[in-house]
Amino acid sequence: MSYLHGFIPEEQQRLLDQGDFLAPKIYPRIDFSGCRNLLEIGSGVGAQTKMLLQLWPDLKITCVDYSEVQLAEARKNLAFAGDRVTFICQDARDLKLDEQFDALFICWALEHIPEPLKVLRQTKSYLKPGSKLWFTEVFNSSYYVFPDLPNQRKYYNAYNQHQISFGGNPDIGAQLGNLLHQAGFHSIEIFHGGFHLDQSKPEELQKMIGFWKILLKSGAPGLLEAGMLSIEEVQAMEEDLNFIASDENAVFFYQFVQTFATY
Ligand SMILES: C[S@@+](CC[C@H](N)C(=O)[O-])C[C@H]1O[C@@H](n2cnc3c(N)ncnc32)[C@H](O)[C@@H]1O
């Protein structure tokens with residue numbers, strides 16, 4: 001299993017923190033009202049599942065992830081939901097499910113999966129007509145930062161390159177509309193969300209850069225193991241981001257992509 005972020009406990013906690021930090025950006029638009037049975041692909045440790053369960057109390061959710069380590073943690077994190085949640089350990093490219101669903105949710109997972117179109121086509125066998133689909137994914141080429149210091153940029157390029165080497169796509173957000181169309185889904189809508197921060201809101205800027213450092217660092221064990229970066233270069237990335245956060249002309253800009261579609 002080749003995966004950018006790895007499965008260590010720090011990474012599992014990071015996913016929970018990330019879920020809380022980004023929820024105000026992700027959930028205002030998503031609407032699963034009227035749905036009863038949701039399939040979540042790449043559910044990880046259940047950071048998004050927790051939100052979905054809270055927001056739509058009538059939903060039952062089936063969590064699919066190919067990592068037993070993630071699912072074991074998800075079982076603990078979602079114990080409060082009892083039999084509203086089912087866990088299935090499967091590769092999303094080879095789904096074999098027993099149920100039909102009326103909702104599909106994918107967040108920060110398709111970016112890691114080679115053959116994303118195959119995943120989307122497969123889900124159709126398990127979706128009822130009229131199902132609602134909401135996806136949220138990265139668009140890493142949208143990252144703009146000022147000053148664009150070289151060590152953080154070098155690290156960012158290596159981080160994205162590493163994901164590509166695993167068959168992932170750090171710009172998959174930009175392709176979501178095409179993928180949904182090619183897979184035969186309907187009523188496709190594309191939205192953007194994210195951050196445009198500067199020193200006019202210094203606290204938000206600091207918080208975002210703090211979050212960003214932790215996100216980028218989650219790729220460090222893999223980058224070091226692959227020999228793509230040295231420990232000094234990881235530290236230099238952090239120093240650059242600290243410097244940017246205190247620069248009077250600092251700008252941080254990033255956009256993710258959200259899509260709605262029906263089946
Ligand atoms: C970045 S995590 C996101 C988890 C969750 N969606 C969230 O937002 O917290 C991506 C998850 O996708 C899972 N994953 C990656 N490739 C997969 C595949 N081919 N099939 C199923 N799950 C996969 C990983 O194990 C990981 O838990």
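Order of listing sets the numbers, starting from 1, for every ligand and every atom in it. Note: hydrogens, waters and symmetry copies are ignored here, and every other heavy atom, side chains too, is used.
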Going from OG1 on T136 to CD on Q258, what distance comes out if it is rounded to the nearest 0.5 angstrom?
-> 3.5 Å

Is R14 salt-bridged to E11, cutoff N-O under 4.0 Å?
-> yes

The atoms of ligand 1 lying under 4.0 Å from a heavy atom of D91, numbered in the order shown, are 18 (C), 19 (N), 20 (N)

Partner of Y143 under ring pair (Phe, Tyr, Trp, His ring centres under 6.0 Å), chosen from Y254, F253, Y156, F195 = Y156

If you measure every N/O of A47 against every N/O of ligand 1, is any gap under 3.5 Å?
-> no

Please say whether H5 places an N or O atom under 3.5 Å from an N or O atom belonging to ligand 1.
-> no

CA sep, side-chain torsions, deciding dist, call: F105, W134, ring pair (Phe, Tyr, Trp, His ring centres under 6.0 Å) | CA-CA 5 Å; F105 176 86; W134 280 100; 9.2 Å; no

At under 4.0 Å between heavy atoms, what of D65 touches ligand 1? The answer is both

Have a look at ligand 1 and work out which part of Q90, if any, has a heavy atom under 4.0 Å from it: side chain, backbone, both or neither.
-> backbone

Report yes if A92 has an N/O atom closer than 3.5 Å to an N/O atom of ligand 1; otherwise report no.
-> yes

Close-contact set for ligand 1 against C107 heavy atoms, below 4.0 Å = 3 (C), 5 (C), 6 (N), 8 (O)

Under 3.5 Å, N or O to N or O, is I113 touching ligand 1 that way?
-> no

With a cut-off of 4.0 Å, which atoms of ligand 1 are near a heavy atom of H112?
-> 1 (C), 10 (C)

Output yes when K50 and D20 qualify as a salt bridge under the 4.0 Å nitrogen-oxygen rule, no when they do not.
-> yes

What atoms of ligand 1 come closer than 4.0 angstrom to any heavy atom of Q48?
-> 7 (C), 8 (O), 9 (O)

Under 4.5 Å between any side-chain heavy atoms of I209 and N242, yes or no?
-> no

In terms of the angle between their ring planes, are H5 and Y3 parallel, tilted or perpendicular, with boundaries placed at 30° and 60°?
-> perpendicular

Check each of F105, W108, Y3 against atom 3 (C) of ligand 1 and report the one with the nearest heavy atom.
-> W108

Presence of salt bridge, D94 and K96, under 4.0 angstrom = yes

Could you list which atoms of ligand 1 come closer than 4.0 Å to a heavy atom of G44?
-> 4 (C), 27 (O)

Do D148 and R153 sit within salt-bridge range, that is, some charged N less than 4.0 Å from a carboxylate O?
-> yes

Looking only at distances, please establish whether an N/O atom of ligand 1 is found under 3.5 Å from an N/O atom of Y66.
-> yes

